[in-house]
**Student:** 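Once you've had a glance at the structure underneath, I'll fire off some questions.
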There are 2 protein chains.
Amino acid sequence: MKNDSKKKATIYDLSVISGISPSTVSAVLNGTWRKRRIKESTADLIRDLAEKHQYTTNRQAQGLRSSRSGLVGLMLPVYDNRYFSSMAQTFEAHVRRHGQCPIVVSSSRDPQEERETAESLISYSIDALFVCGATDPDGVHAVCEKAGLKHINIDLPGSRTHSVISDNYTGGRILTEAIIRQFSAGDPLQPEELLLFGGRNDHASRERIRGFRDVKQEMMGADIDASIQPTGYSPNTARIAFESFYEKAGRLPRALFINSSINFEGLLRFMSAHPHENFADLVVGCYDYDPFASFLPFPVLMMRQDVEGMIAKAFELIEELPGPPQIHLIRPDLVLPRTALPGPLDSLKDID
Amino acid sequence: MKNDSKKKATIYDLSVISGISPSTVSAVLNGTWRKRRIKESTADLIRDLAEKHQYTTNRQAQGLRSSRSGLVGLMLPVYDNRYFSSMAQTFEAHVRRHGQCPIVVSSSRDPQEERETAESLISYSIDALFVCGATDPDGVHAVCEKAGLKHINIDLPGSRTHSVISDNYTGGRILTEAIIRQFSAGDPLQPEELLLFGGRNDHASRERIRGFRDVKQEMMGADIDASIQPTGYSPNTARIAFESFYEKAGRLPRALFINSSINFEGLLRFMSAHPHENFADLVVGCYDYDPFASFLPFPVLMMRQDVEGMIAKAFELIEELPGPPQIHLIRPDLVLPRTALPGPLDSLKDID
DNA sequence: CTTTATTGCACAATCGATGGTGCAATAAAT
DNA sequence: ATTTATTGCACCATCGATTGTGCAATAAAG
């Protein structure tokens, strides 16, 4: 219970107190002591001492010497939506389960910031980096490569290392089909009544759009060129797109395929400026799942990306990096309107 | 452009190449060179060299020597809701602005995990810790104190160091009043028709409940004991509470004060099992803001906690720790139904 | 043309943990 | 009773950056 107030105990302190050499103390405390043929009794002695003095190893020193830090990084575009925040939550659980420390940062979808963020994490000697939703995964790859850092892409694929992503084409198809089926045979949806909003020129958007178009062709026999309204990933550009459509057409389309929950927030902004009636017979499909969105006053179909599956697969792959880069597709699930799915929070014990 | 592949350049490498001593190189690269009276020209030379060899300082070594890491920690209960994820987003922006590296971890509202998480962060020599929504802030305080680590409480107050929290009493009052005012004078809300669900026995819940009760007394002249249904912070316990109320009463209360968006998800789960009609004339007030929740098919009033304000205040206070612990209240804002507020995402530039 | 000040930098110890190597003391083999 | 093996641990260099100190070389003062 010695509380040498302020300063943390080091192996040297324990060494002096016990008369045992620092290297032996170190070996005992980091578990390599059997290999070094340390007596069981000495080990016990040191462990007791460590306990008593509340020793914890200085990870900076350890990391400096061993060039491994125990830190595992996750680079996210942003935190503030349900998809990425549950990504963070799931990631953290995995990393902690491996006895390491998660370090989550966001890089705002800016290629340069992505590279700088990676550099910055590398300067802490992180052991691995999960690159999620990067705008320029290959740029980040170059940085990691040079530093000899294990890394993997999630959500958006790169061409230089393994990627684990949502099966966007299939997801896009499923969602589009589900939207169309929301309409009765008596008054079926017409090609020009179903528009896709959001996204940009990235792999995910392109694949979703391809699925969207293919299904429209197959089910409706046609598509129109103007049915794609890429607005980037921001609420406001999406809002503006909705507004300008509304200006021209005098109403919203009967059905919307919205490319992400972030863009969906653009629709919310539009809604706040227009009365309920405009949304009475609207059907929305959104490529992302948000529990609250699922209960909006009009039917909302959502694609829930399998975050748990993606993270798990990524952890599996990151250990076996050799071989040509592959893209692993993880199938997302369609979530019907008015559905509240359990999430990472449900596994927490709740203390009252 | 020398790419000595694999290994990162160190000050020793630059020293050898330039014939200048490591200490001088170090001084130049960390900015203390003027103090050391290094010639401007030598400094330039070294900086060029550093640039050319893509030198970045090894933060582990730097941290070991200086016992400061440049890491600033944020401990969250969970990531996965809009309140905490925007906390993370805002926190990160502040930390990066100070040239440091954010490290965000969650500790599941478990006092022991909170302490262990703190210990773990301390072993990385983090420079400061923001303790957000901790179940046992004073337990975490003890750990930080012993390690001489600057820290501050957010969201839930502790008694041993400064705290920055939402003005829960006022917020509770405002929200309760707004809920009551949603009902017309012709058919006013009765005390037994307004119930509070969610929360537990923590400071925030207690204060909100106090505000809730006070306003009910003042505006309705009465309250009933059974009007408080604490369910902890989990969707499922909240769902069960709604179900069991519904079983007994045959319907939901006309108006609900829900203690957090997490508990609100419990209502969603309840809703998914019951037809629309049950919610036709429901009014909900929720102490948290979520843009999608604001557009549900019944009026939803939300209290938006001023995350930006809280984080900013916390950063201000953490620098001047001496003095008796104080609690700083940050006023939350009432958000009317069908409101989509801008968030941290809006400040990102969007590249198309 | 000395003496003193100033400039510019090199040296070396240090932060805490790790792991290769070497060397006693004890045990086993001859 | 030697020789050989094995056990148990101490020594020391090392990871990369920081910082107090010292000492030349140059400039300023006398």
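As the structure is a prediction and not an experimental result, all values here were calculated from the model. To find a chain, count down the sequence lines: A is the first, B the second, and so on, and within it residues start at 1.
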**Student:** Is it the case that the side chain of B:Ser120 and the backbone of B:Glu116 share a donor-acceptor pair, with hydrogens and angles ignored and the cut-off at 3.5 Å?
**Tutor:**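 Judged by distance alone, no pair lies under 3.5 Å.
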**Student:** Given atom OH of B:Tyr12 and atom P of C:dC11, what is their separation to the nearest angstrom?
**Tutor:**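 B:Tyr12 atom OH is separated from C:dC11 atom P by 12 Å.
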**Student:** Quick one: which of D:dC9, C:dC15, C:dG8 gets closest to the side chain of B:Arg65?
**Tutor:** C:dC15
**Student:** Please tell me which of A:Val25 and B:Arg37 maps to the more 5' nucleotide of DNA chain D, matching each residue to the nucleotide holding its nearest heavy atom.
**Tutor:** A:Val25
**Student:** Atom CD1 of A:Ile38 and atom C1' of C:dT18: how far apart are they, to the nearest Å?
**Tutor:**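 Going from A:Ile38 (CD1) to C:dT18 (C1'), I get 13 Å.
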**Student:** Using the closest heavy atom to pick a nucleotide of DNA chain C for each, name whichever of A:Ser66 or B:Ser66 lands nearer the 5' end.
**Tutor:**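 Comparing both residues, the 5'-ward one is B:Ser66.
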**Student:** Would you kindly give the CG-to-C1' distance between B:Asp13 and D:dA17, to the nearest whole Å?
**Tutor:** 13 Å
**Student:** Rounded to the nearest 0.5 Å, how far does OG1 of A:Thr117 lie from CD of A:Gln112?
**Tutor:**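 Rounded to the nearest 0.5 Å, the CD-OG1 separation comes to 10.0 Å.
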**Student:** Between A:Arg59 and B:Ser41, which has a closest nucleotide on DNA chain C that is more 5'?
**Tutor:**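 So the residue in question is B:Ser41.
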**Student:** Can you check the B:Arg68 CZ to D:dA17 C1' distance for me, whole Å?
**Tutor:**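 Those two atoms, CZ and C1', are 13 Å apart.
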**Student:** Do the side-chain N or O atoms of B:Tyr124 get closer than 4.0 angstrom to the phosphate oxygens (OP1, OP2) of C:dG16?
**Tutor:** no
**Student:** Do B:Glu316 and B:His162 have a side chain donor and acceptor closer than 3.5 Å?
**Tutor:** no
**Student:** Under 4.0 Å, heavy atoms only, any strand: does A:Ser67 hit a base, just the sugar-phosphate, or nothing?
**Tutor:** nothing
**Student:** Using only heavy-atom distances, decide whether a donor-acceptor pair under 3.5 angstrom links the side-chain of A:Ser21 to the base of D:dC11.
**Tutor:**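 Between D:dC11 and A:Ser21, which were checked side chain against base, a qualifying N/O pair under 3.5 Å is absent.
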**Student:** Could you measure the distance from the NZ atom of A:Lys8 to the OG1 atom of A:Thr10? Nearest 0.5 Å is fine.
**Tutor:** 11.0 Å
**Student:** So, OP1 or OP2 of C:dT18: does either fall under 4.0 Å of a side-chain N or O from A:Gln62?
**Tutor:**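 Affirmative; the distance criterion is met.
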**Student:** Could you please name the option among C:dC9, C:dG16, D:dT18 that lies closest to any side-chain atom of B:Thr24?
**Tutor:**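 Nearest to the side-chain atoms of B:Thr24, counting from C-beta on, is C:dC9.
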**Student:** Taking atom P of D:dT18 as reference, at what distance in whole Å does atom CD1 of B:Ile46 sit?
**Tutor:**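 In whole Å, D:dT18 P lies 13 Å from B:Ile46 CD1.
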**Student:** Return the 5'-most residue of the pair A:Ile20, B:Asn30 with respect to DNA chain D, ranking by each residue's nearest nucleotide.
**Tutor:** A:Ile20
**Student:** For B:Gly31, report the nucleic acid contact type (base, sugar-phosphate, nothing); a contact means any heavy atom under 4.0 Å.
**Tutor:**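 Contact class for B:Gly31: none.
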**Student:** If you check every side-chain atom of A:Lys39, which of D:dG8, D:dT18, C:dA17 has the closest atom?
**Tutor:** D:dG8
**Student:** Would you indicate what A:Thr42 reaches in the nucleic acid, counting non-hydrogen atoms under 4.0 angstrom: base, sugar-phosphate, or nothing?
**Tutor:**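 Sugar-phosphate only.
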**Student:** It should be established whether A:Ser23 places a side-chain nitrogen or oxygen under 4.0 Å from OP1 or OP2 of nucleotide C:dG19.
**Tutor:**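 Result: no.
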**Student:** Less than 6.0 angstrom separating the ring centers of B:Phe315 and B:Phe130, yes or no?
**Tutor:**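 They qualify: ring centres under 6.0 Å apart.
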**Student:** Could you tell me whether the side chain of A:Arg36 has a donor or acceptor atom within less than 3.5 Å of a complementary atom in the base of D:dG8?
**Tutor:** no
**Student:** In whole angstroms, how far is the P atom of D:dT7 from the CD atom of A:Glu40?
**Tutor:** 14 Å
**Student:** Does B:Ser26 put a side-chain nitrogen or oxygen below 4.0 Å from OP1 or OP2 of D:dT19?
**Tutor:**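 For D:dT19, OP1/OP2 do not have a side-chain N/O of B:Ser26 under 4.0 Å.
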**Student:** Grab the NZ-P distance between A:Lys8 and C:dA17 for me, whole Å please.
**Tutor:** 10 Å
**Student:** Rounded to the nearest angstrom, tell me the gap between atom CD in B:Gln60 and atom P in D:dT18.
**Tutor:** 14 Å
**Student:** May I ask you to verify if any side-chain N or O of B:Thr57 is less than 4.0 angstrom from the OP1 or OP2 atom of D:dG16?
**Tutor:**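 For B:Thr57, the contact criterion (side-chain N or O under 4.0 Å from OP1 or OP2 of D:dG16) is not met.
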**Student:** Does a side-chain heavy-atom distance below 4.5 Å link A:Ile152 with A:Val164?
**Tutor:** yes
